[in-house]
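Input: a single structure, listed below in structure tokens.
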Amino acid sequence: MTPVTRFAPSPTGFLHIGGARTALFNRLYAQHLGGRFRLRIEDTDKARSTPEAIHAILEGMRWLGLYWDEEPVFQSARAERHRDIAFSLLEAGKAYRCYATPEELAEMRATAKAEGRPPGYDGRWRSRTPSEAPEGVAPVIRFKAPHEGEQQIDDLIQGTVTVANRQLDDMIVLRSDGSPTYMLSVVVDDHDMGITHVIRGDDHLTNAFRQRQLFQALGWEIPVFGHIPLIHGADGAKLSKRHGALAIEAYRDMGYLPDALRNYLLRLGWGHGDEEIISDAQAVSWFDVADVGKNPARFDFTKLNSVNAHYLRQSSDEALLTLLADRRRCGGKSNYSDEQRQRLLAGMASLKPRVKRLDDLAEAAEVYLAERPLKRTDEAAKLLTAEALATLTGLRALLEASGWDRHELESLVRHYAEEVMDPAVKLGKVAQPLRAAITGSKVSPPIFEVMEILGREECLTRLDDCLI
RNA sequence: GUCCCCAUCGUCUAGAGGCCUAGGACGCCAGCCUUUCACGUUGGUAACACGGGUUCGAAUCCCGUUGGGGACGCCA
């Protein structure tokens, strides 16, 4: 039997980091076993599902490289089938109509809680006849759940988990408006889609018991469950939309690379010896949900940054230039000129080890893009003392006659510092003001490289901007 | 409140009874490299929540305590 896994987000919001990891684990698990990974959009909540969210989820998954097999299934399109199953349950005596009002339900919960019982529906319509139905109340259909005994789930991650059936009340499978509930739809769809392994967040663990009952009542094979612990925020609290969980595109906008994010997510809750940087092929061959840890992991941007920095350094200069150009276009700015592209390409090799994310890279790349007159940082301005300006004036004359590659420039400046000025003067004494003048900043890639790439004319004019 | 789950450096983790005076990575600190900042490199800091068992021997098994988390909708 080849395994079929699935990711089943509800389009009531964006794709967030926890969902992305769940999708990744599902995909890897299927790939590892040579199976298929499917996508199902759980859009049965018509009021809260939006086309924008569906689009964002699909796009987010593609961006992260979480490709799915076959066409996505839209749950809302299957309501008819779900309804049929609900009625078949009713006919088989495994479900019943319930006329309890929302007020009654709230009261039941309150009294159950007060009496120290599990809160939930008390089953008051479980054995009443339809003739007792009140006028004008549209009923829901409830599943007649077994109340005696206990059941076990052999979870891939959580191990054997046991729950007493009395903890589970009679869940609604069909709402009073005739629409199926999540609990029913999931079971029917997982069955119809041939899902063999249900891997999801462990907030669904208790649902698994209810769903198991439904599978059994329907006489269907029960899939294997694997409930992965949730991701927490840096403060240890649950990562939620209100609390630190960002949309996947937010990570893209911050300048994280999909490969890096995938690698980081993979290591959140799962490990393989001392491995840190893991290729897709390695991930597929090593990954097993059974190796996922049982304890929740905190999301740590610092570590993500370092993983991202690694992938950034590993990327080709051309690829990074393309990424930079894409960002620029998204930001509404004009394309790079040929000259700018050339400079960026030439400078990329020493730009990329200095940054963690694409937005840092874009910022660092400004050395090669900035229009004159340069904006100068306060620190750079402080470097340009009267004495420093005098030094630069002397240097400028030599520069005019110099050859223009980084090595020549360096030996020229070195010579100028040590012999023309004073043997005790260190290179830095000249190089720092030079950097401030040419880059407008106290930090930059190697200044002679920057000068070579910028060219004589640009450098001399930038110098003159300070000297006058 | 009821039920379920979890517990190794600050964080992510390795560890399936002796290989552990607990390993790696990120972070942090220091040295080296160096025209700045990074990169790189060398070294350092730092953890088995607590208490009982079981065992010749426990981070690893059992029980309890404490501390976290999750679920209890006509949401998914």
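Proteins get letters first, then strands, A, B, ... in listed order; numbering begins at 1 in each.
For A:L268 and B:rA25, the CG to P distance is 19 Å, given to the nearest whole Å. A straight line from CG of A:L412 to P of B:rU35 spans 16 Å, rounded to a whole angstrom. Atom pair A:M171:CE and B:rA76:P shows a separation of 13 Å (rounding to whole Å applied). Taking atom CD1 of A:I172 as the reference point, atom P of B:rC74 lies 4 Å away to the nearest angstrom. Per the geometry, CG belonging to A:L266 stands 12 Å off P belonging to B:rA14, to the nearest Å. Going from atom CD1 of A:I278 over to atom C1' of B:rU13 covers 11 Å, rounded to whole Å. If you take CD1 of A:I277 and P of B:rC12, they are 18 Å apart, rounded to a whole angstrom. Regarding A:R97, its CZ atom lies at a distance of 16 Å from the C1' atom of B:rC74, rounded to whole Å.
To the nearest whole angstrom, the two C1' atoms, one in B:rA49 and one in B:rG68, are 11 Å apart. Here, B:rU41 and B:rC5 have their P atoms 45 Å apart, quoted to the whole Å. For the C1' atoms, the distance from B:rC33 to B:rC39 is 11 Å, rounded to whole Å. On the P atoms, B:rC50 is 15 Å away from B:rU11, given to the nearest whole Å. Here the separation of B:rG73 from B:rG27, taken at their C1' atoms, is 43 Å to the nearest Å. Rounded to whole Å, the C1' atom of B:rC29 lies 48 Å from the corresponding atom of B:rA76. Between B:rU54 and B:rC63, the two P atoms lie 15 Å apart (nearest whole Å). Nucleotides B:rG69 and B:rU8 have their P atoms positioned 15 Å apart, rounded to a whole Å.
Residue pairs meeting the salt bridge (charged side-chain N to carboxylate O under 4.0 Å, His left out) criterion with at least one member in residues 132-147 of chain A, sequence neighbours excluded: A:R128-A:E132. Among residue pairs with one or both ends in residues 260-271 of chain A, those qualifying as salt bridge (charged side-chain N to carboxylate O under 4.0 Å, His left out) are A:D259-A:R262, A:R262-A:D280, A:R267-A:E276; sequence neighbours excluded.
Contact of the A:M348 side chain with the A:L324 side chain is registered, since non-hydrogen atoms from C-beta on lie closer than 4.5 Å. Residues A:Y311 and A:I277 have side chains in contact (heavy-atom distance under 4.5 Å, counting atoms from C-beta outward). A:W68 has its side chain out of reach of A:R38: every pair of non-hydrogen atoms, C-beta onward, lies at least 4.5 Å apart. Inter-residue side-chain proximity for A:L312 and A:L358 is flagged as met; some heavy-atom pair is nearer than 4.5 Å.
With sequence neighbours left out, the side-chain contact (heavy atoms from CB on, under 4.5 Å) criterion links A:S315 to A:L257, A:L320. Applying the salt bridge (Lys or Arg N to Asp or Glu O under 4.0 Å) test to A:R376 and every residue at least two apart in sequence or in another chain returns nothing. Not a single salt bridge (Lys or Arg N to Asp or Glu O under 4.0 Å) links A:E107 to another residue, sequence neighbours left out. Remark: A:T12 pairs with A:S10 by the side-chain hydrogen bond (donor to acceptor under 3.5 Å, both in side chains) rule, at least two apart or across chains. Partners of A:A112 under the side-chain contact (heavy atoms from CB on, under 4.5 Å) rule, at least two apart in sequence or in another chain, are A:R117.
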Can you give me every donor-acceptor pair (side chain of residues 293-300 of chain A, partner residue at least two apart or in another chain, under 3.5 Å) with its distance?
unit_1: A:R298; atom_1: NH1; unit_2: A:A234; atom_2: O; d: 3.0
unit_1: A:D300; atom_1: OD1; unit_2: A:T302; atom_2: N; d: 3.2
unit_1: A:D300; atom_1: OD1; unit_2: A:T302; atom_2: OG1; d: 3.4

Exercise. When every nucleotide of nucleotides 15-22 of chain B is labelled 5' to 3' by its protein contacts under 4.0 Å (heavy atoms), B for base, S for sugar-phosphate only, - for none, what sequence of letters results?
Worked result: --------

For this session: Classify every nucleotide of nucleotides 2-11 of chain B by which part a protein heavy atom approaches to under 4.0 Å, writing B for the base, S for the sugar-phosphate alone and - for neither, in 5'-to-3' order.
Result: SSSSSSS--S

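Taking all atoms of both residues into account, the shortest heavy-atom contact from A:Y121 to A:W125 is OH-N, 3.0 Å. A:A86 and A:L184 make their closest contact through CB-CD1, 4.0 Å (heavy atoms, listed as atom of the first residue, atom of the second, distance).
Contact annotation for A:L434: no contact, since no heavy-atom pair falls under 4.0 Å across all strands. Using a 4.0 Å heavy-atom criterion, one finds that A:H204 contacts the bases of the nucleic acid, with or without backbone contacts as well. Residue contacts for A:A138: at a heavy-atom cut-off of 4.0 Å it reaches no nucleic acid atom on any strand shown. Within the 4.0 angstrom heavy-atom criterion, no nucleotide atom of any strand lies near A:G159. Using a 4.0 Å heavy-atom cutoff across all strands shown, A:T44 reaches sugar-phosphate atoms only and no base atom. Here A:S444 lies in heavy-atom contact (under 4.0 Å) with a base. Residue contacts shown for A:P446 include a base, since a base heavy atom lies under 4.0 Å away. If you check every strand for non-hydrogen atoms under 4.0 Å, A:E42 touches sugar and phosphate atoms only.
Close placement of the A:H197 and A:Y29 rings is indicated, their centers lying within 6.0 Å of each other. A:F287 has its ring centre less than 6.0 Å from the ring centre of A:W270.
Residues from residues 348-355 of chain A that place a heavy atom under 4.0 Å from any atom of RNA chain B, listed by number: A:P353, A:R354.
Heavy-atom nearest nucleotides on RNA chain B were determined for A:P9 and for A:E410, and the one closer to the 5' end corresponds to A:E410. Along RNA chain B, the nucleotide nearest A:L304 and the nucleotide nearest A:S176 are compared for position; the residue whose nucleotide lies closer to the 5' end is A:L304.
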Is there any protein nitrogen or oxygen under 3.5 Å from a nitrogen or oxygen in nucleotides 40-45 of chain B, and what are the pairs?
unit_1: B:rG40; atom_1: OP1; unit_2: A:R313; atom_2: NH1; d: 3.2

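If you check distances only, the side chain of A:R267 never reaches the base of B:rU13 with a donor-acceptor pair under 3.5 Å. A donor-acceptor contact under 3.5 Å is formed by the side chain of A:N207 with the base of B:rA76.
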